Amino acid sequence: MNTVPGMQLGRRSVLRGGLGVTAGMMLTPLAAGTSHAATRALYRGCVGEDVRALQKQLATKGYWCGTADGDFGELTQQATWAVQKQNGLTRDGVVGPLTRTALANGTLPKPVGGAGSRVEVHLRKQLFLVVRDGRTTRVLNTSTGNNQYYWLNGVRHLAVTPTGSWKVYSTYSKGWQWGPLGNLYRPMYYNSGWAVHGSAKIPPWPDSHGCSRLSTRAMDMIWSTGTMALGTRVTIATGA
């Protein structure tokens, strides 16, 4: 199987994506007079004006990727995964013809909590939604409980993210907070020890002990924009 240099494939990208890895990377023949740069596959490590255009399109469509700087880094990869998750594509982080089409023509995931404003985590697709007045306005990649057993203080637990609706009851704004299961970046607690928090590792599959992981810069954005705060409604749902 051919791979793109620098591309990062997850251990479940093929199985969970529903399409072969090569499908997301096949390039259609170029039309006469069309430059390769206009249609090249983009992935982490790419730089250029086509990356900047992609970043602007992601932002316009509602997939947060930070600043459009022309550098395909972590945030652009996270946003690409979110597009691929929403559209049932292989979660390979490569923007090829299928992902381009999905981004151009696809729709954002629909919220499940009805009217009002809140954040939602959709477990099936592993997506984090910002909902305003009953409408999805922003989507991010997230990673939740991996449904594997782990031990804590001599007790065996199952790493699950329970479904339900709660409100943020505790926050930690200073940066990294130590926890018995690992460090959490600027967490927002909504249900006992479950939180939305930043992490150094947010793969495109469930990988946490039960919390909803986001990138550290996404958590900074959530804090700075007031997307979440004390009292914010947090809905965890299976999703579509």
Side-chain angles (χ1 to χ4, degrees), residues 1-28 37-109 121-122 124-130 136-144 198-207 212-219 221-222 239:
M1 178 173 63
N2 295 325
T3 58
V4 177
M7 183 184 69
Q8 297 182 358
L9 287 179
R11 66 177 183 270
R12 305 183 190 177
S13 60
V14 177
L15 294 177
R16 297 186 63 83
L19 294 175
V21 173
T22 54
M25 296 183 287
M26 291 188 297
L27 296 178
T28 56
T39 56
R40 64 169 175 156
L42 299 176
Y43 47 88
R44 190 163 181 173
C46 288
V47 295
E49 287 304 312
D50 51 354
V51 175
R52 190 188 309 275
L54 168 67
Q55 293 167 330
K56 291 180 178 179
Q57 186 181 21
L58 286 165
T60 298
K61 292 291 186 176
Y63 294 94
W64 186 78
C65 61
T67 302
D69 58 4
D71 185 348
F72 197 125
E74 176 197 15
L75 298 186
T76 307
Q77 182 184 58
Q78 292 285 319
T80 299
W81 279 337
V83 173
Q84 292 173 336
K85 287 178 173 185
Q86 167 62 9
N87 293 279
L89 301 177
T90 303
R91 304 172 186 186
D92 56 12
V94 177
V95 181
L98 296 180
T99 300
R100 290 183 191 278
T101 299
L103 177 59
N105 302 326
T107 59
L108 295 180
V121 175
H122 290 191
R124 181 175 288 124
K125 290 184 177 178
Q126 294 286 283
L127 293 173
F128 177 93
L129 280 58
V130 179
T136 302
T137 61
R138 183 171 287 169
V139 180
L140 295 91
N141 177 59
T142 191
S143 178
T144 64
S199 173
K201 181 183 179 184
I202 318 94
W205 57 73
D207 193 54
S212 298
R213 296 180 188 169
L214 299 174
S215 69
T216 56
R217 283 187 283 177
M219 282 306 298
M221 177 273 293
I222 283 172

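Owing to the predicted nature of the structure, the values given are computational and were not obtained by experimental measurement.
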query: CD/Gln77 to CG/Asp92 distance, rounded to the nearest 0.5 angstrom?
result: 9.5 Å
task: Measure from the side-chain N and O atoms of Thr136 to the backbone N and O of Pro109, and report whether any donor-acceptor pair falls under 3.5 Å.
output: yes
message: If you compare all heavy atoms of Met219 against all heavy atoms of Gly198, which two are closest, and at what distance to 0.1 Å?
response: CG-N, 3.1 Å
message: Please check: side-chain N/O of Arg138 versus main-chain N/O of Trp64, any donor-acceptor pairing under 3.5 Å?
response: no
Rounded distance [0.5 Å steps], OG1 in Thr90 versus CH2 in Trp81: 13.5 Å
task: Looking only at non-hydrogen atoms, find the nearest pair between Pro203 and Lys85 and report the distance.
output: O-NZ, 4.5 Å
task: Say whether, by atom type as modelled, one donor and one acceptor occur between the side chain of Thr142 and the main chain of Leu127 under 3.5 angstrom.
output: no
query: Which residues pass the side chain to side chain donor-acceptor pair (under 3.5 Å) test with Ser212, sequence neighbours left out?
result: none
query: Do the side chain of Ser143 and the main chain of Asp207 share a donor and acceptor less than 3.5 angstrom apart?
result: yes
message: Is it the case that the side chain of Asp69 and the backbone of Asp71 share a donor-acceptor pair, with hydrogens and angles ignored and the cut-off at 3.5 Å?
response: yes
Minimal non-hydrogen separation, Arg124 against Gly239, with atom names: NH1-O, 2.7 Å
message: Main chain of Pro204, side chain of Arg91: is a donor-acceptor contact present, judged purely on distance under 3.5 Å?
response: yes
task: Could you grab the distance from atom CG of Asn141 to atom NZ of Lys125, nearest 0.5 Å is fine?
output: 13.5 Å
Main-chain N/O of Ala218 paired with Ser215 side-chain donor or acceptor, under 3.5 Å: yes
